[in-house]
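First up is the structure itself, then whatever we jot down about it.
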Number of protein chains: 2
Amino acid sequence: MPTMPRNRQDVDREAKVAEIREAAVRILRDGGHPALSHSAVAKELGLARTAVYWYFPAKDDLFVAALAEVYAADLGTPPAGDDVMARLRWAVERLTALQPLTHALHERARHSEAAARLEAALQESMCSRLRALLSPRVPAERLDRVTTTIIVFVEGLLTQPRTTSDRLDLLEFLVTELT
Amino acid sequence: MPTMPRNRQDVDREAKVAEIREAAVRILRDGGHPALSHSAVAKELGLARTAVYWYFPAKDDLFVAALAEVYAADLGTPPAGDDVMARLRWAVERLTALQPLTHALHERARHSEAAARLEAALQESMCSRLRALLSPRVPAERLDRVTTTIIVFVEGLLTQPRTTSDRLDLLEFLVTELT
DNA sequence: ACCTGAACACCGTTCAAGT
DNA sequence: ACCTGAACACCGTTCAAGT
């Protein structure tokens with residue numbers, strides 16, 4: 001959770017950071033990781049190319065901050081209910097749209113600590129949600145492995161050039177086999 | 001299969017192409033996709049930065065040609081025998097080492113026809129090999145889905161930051177469940 | 001503390017000019 | 001046909017200088 005701003009200066013800075021982050025989000029949603037640059041953000045905000053470095057000292061910082069926003073917006077509120085397949089369908093659909101960005105995150109995680117942290121957080125969040133959903137349906141001693149297997153499978157599904165219905169068929173097959 | 005060179009000129013050109021490709025392979029193995037550039041190759045061969053464009057008119061062409069070589073060398077000759085888990089272990093091990101490159105290929109496949117073709121060829125080759133290996137062990141009406149499920153799962157395994165033994169445990173669990 | 005503009009060493013690509 | 005060198009519009013990053 002973010003620390004409370006102590007004074008007016010912190011408020012101003014937070015506002016500026018947010019403004020830059022939102023611009024980065026727009027660029028990222030539009031043109032993906034290759035389109036994101038300090039220059040592109042600066043252009044959107046009418047700043048000098050190098051001004052953005054004051055708030056985000058490296059491209060990875062910009063990227064991770066923007067992508068965290070995107071994840072929160074697109075994956076933050078899953079639909080209600082405890083229908084496992086419905087929830088998985090929702091997740092696969094959302095993650096498919098975000099796949100190039102998640103892909104870029106994984107690539108950057110090899111070089112950037114911040115990227116590695118965001119990737120781990122996403123992973124952890126998806127795992128714990130799915131585990132909660134599966135726990136009434138899967139015996140306790142199998143729960144961890146079944147959960148991980150499905151998550152890994154979904155990860156694999158996303159990297160593949162398949163139609164959505166193809167993806168969902170395969171996913172249903174796997175879930176049926178495991179539960 | 002490559003067409004026969006018709007004359008001395010074609011032979012010379014093929015030799016030069018091969019020389020450039022091998023330099024690209026070295027650079028790729030060493031520093032991955034980010035390190036590969038026409039400039040880097042030219043430097044290795046003592047050419048002008050732009051000379052390489054005569055043979056490989058875009059970075060994607062250079063990348064795909066080099067990566068195809070890498071795949072052929074590293075995945076071309078699987079170990080003999082029909083032990084499914086042994087073969088899967090071998091494949092996972094090899095693919096893990098190549099994962100950043102395969103990753104970059106997938107990224108480029110969105111923009112480059114050549115990259116998309118190489119990605120599809122790799123996929124097809126892995127699928128057909130695994131299907132052949134599984135066919136004596138899996139009923140015919142399940143063979144396609146089981147094969148695809150395992151391939152997709154392996155794909156997912158590779159994108160994850162896991163230890164090799166962790167990967168193999170999960171893979172063994174899945175294979176046992178499905179066969 | 002925040003922002004600018006110049007600078008550095010790259011990148012991918014194009015092109016006119018040479019042999 | 002093959003290669004060079006100049007050029008273009010970028011990139012990420014650093015830094016001295018201003019307010």
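Atoms considered below: every heavy atom in the structure, side chains included; atoms not considered: hydrogens, waters and symmetry mates. Every chain is numbered from 1, with letters handed out A, B, ... down the list of sequences.
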- Roughly, in whole Å, what's the span from CG in A/L45 to C1' in C/dC2? 15 Å

- A/Y71 and A/S125 side chains, donor-acceptor separation under 3.5 Å: no

- Message: Expected output is a numbered-order residue list: members of residues 23-37 of chain B with a heavy atom under 4.0 Å from any atom of DNA chain C. What is it?
- Response: B/L36, B/S37

- Query: Quick one: B/E14 CD to D/dA1 P, roughly how many Å, whole number?
  - Reply: 17 Å

- Query: Has the side chain of B/K59 got a donor or acceptor atom that lies under 3.5 Å from a matching backbone atom of B/L36?
  - Reply: yes

- What base-paired stems does DNA chain D take part in, with at least 3 consecutive Watson-Crick or G-U wobble pairs and both distances under 3.5 Å? C:4-8 with D:12-16, C:12-16 with D:4-8

Enumerate all atom pairs, one protein N or O and one N or O from nucleotides 3-6 of chain D, separated by less than 3.5 Å.
from  : atom 1 : to    : atom 2 : distance (Å)
D/dC3 : OP1    : B/K16 : NZ     : 3.4
D/dC3 : OP2    : B/Y55 : OH     : 2.4
D/dT4 : OP2    : B/A48 : N      : 2.7
D/dG5 : N7     : B/T50 : OG1    : 3.4
D/dG5 : O6     : B/T50 : OG1    : 2.7

- Query: Between A/M85 and A/M126, is there a shared hydrophobic cluster once you connect ILVMFWY residues whose side-chain heavy atoms come closer than 4.5 Å?
  - Reply: yes

- Message: Quick one, B/L122 with B/L75, criterion side chain to side chain contact (heavy atoms under 4.5 Å, CB included). Give me CA distance, side-chain angles, the key distance, then yes/no.
- Response: CA-CA 10 Å; B/L122 177 68; B/L75 302 171; 3.8 Å; yes

- Note on the structure: Here the distance between atom P of D/dC11 and atom CZ of A/R108, to the nearest Å, is 16 Å

- Message: Contact between A/R29 and A/V25 at the side-chain level, heavy atoms closer than 4.5 Å - yes or no?
- Response: yes

- Item | Flag side-chain contact, heavy atom, 4.5 Å: B/R13 against B/Y55 | yes

- Query: Hey, is B/D74 close enough to B/R94 for a salt bridge, meaning N to O under 4.0 Å?
  - Reply: no

- Item | Between C/dC11 (C1') and B/K43 (NZ): distance, integer Å | 12 Å

Name the pairs: protein N/O against N/O of nucleotides 16-19 of chain D, kept only if under 3.5 Å.
none

- Query: Could you state the NZ-P distance from B/K59 to C/dG12, rounded to the nearest angstrom?
  - Reply: 4 Å

- Between atom CG in A/D61 and atom P in D/dG12, what is the gap in whole Å? 13 Å

- Message: Among residues at least two apart in sequence or on other chains, which ones pass side chain to side chain contact (heavy atoms under 4.5 Å, CB included) with A/R137?
- Response: A/D82, A/V84

- Would a distance-only check, ignoring hydrogens and angles, find a side-chain to backbone donor-acceptor pair under 3.5 Å from B/R142 to B/T179? no

- Message: Does A/Q99 form a side chain to side chain contact (heavy atoms under 4.5 Å, CB included) with B/H106? I'd like the steps, not just the answer.
- Response: CA-CA 11 Å; A/Q99 199 258 336; B/H106 187 242; 3.3 Å; yes

- Message: Grouping I, L, V, M, F, W and Y whenever their side-chain heavy atoms are under 4.5 Å apart, do B/V17 and B/I27 come out in a common cluster?
- Response: yes

- Which whole-number value in Å describes the distance from A/H38 NE2 to D/dC11 P? 12 Å

- Message: Applying ring pair (Phe, Tyr, Trp, His ring centres under 6.0 Å), can you list everything that pairs with B/Y53, at least two apart in sequence or on another chain?
- Response: B/H38

- Matching residue for B/E172 among B/V175, B/T176, B/L174 - test: side chain to side chain contact (heavy atoms under 4.5 Å, CB included): B/T176

- Note on the structure: Separation of D/dG12 atom C1' from A/D60 atom CG, nearest Å, is 11 Å

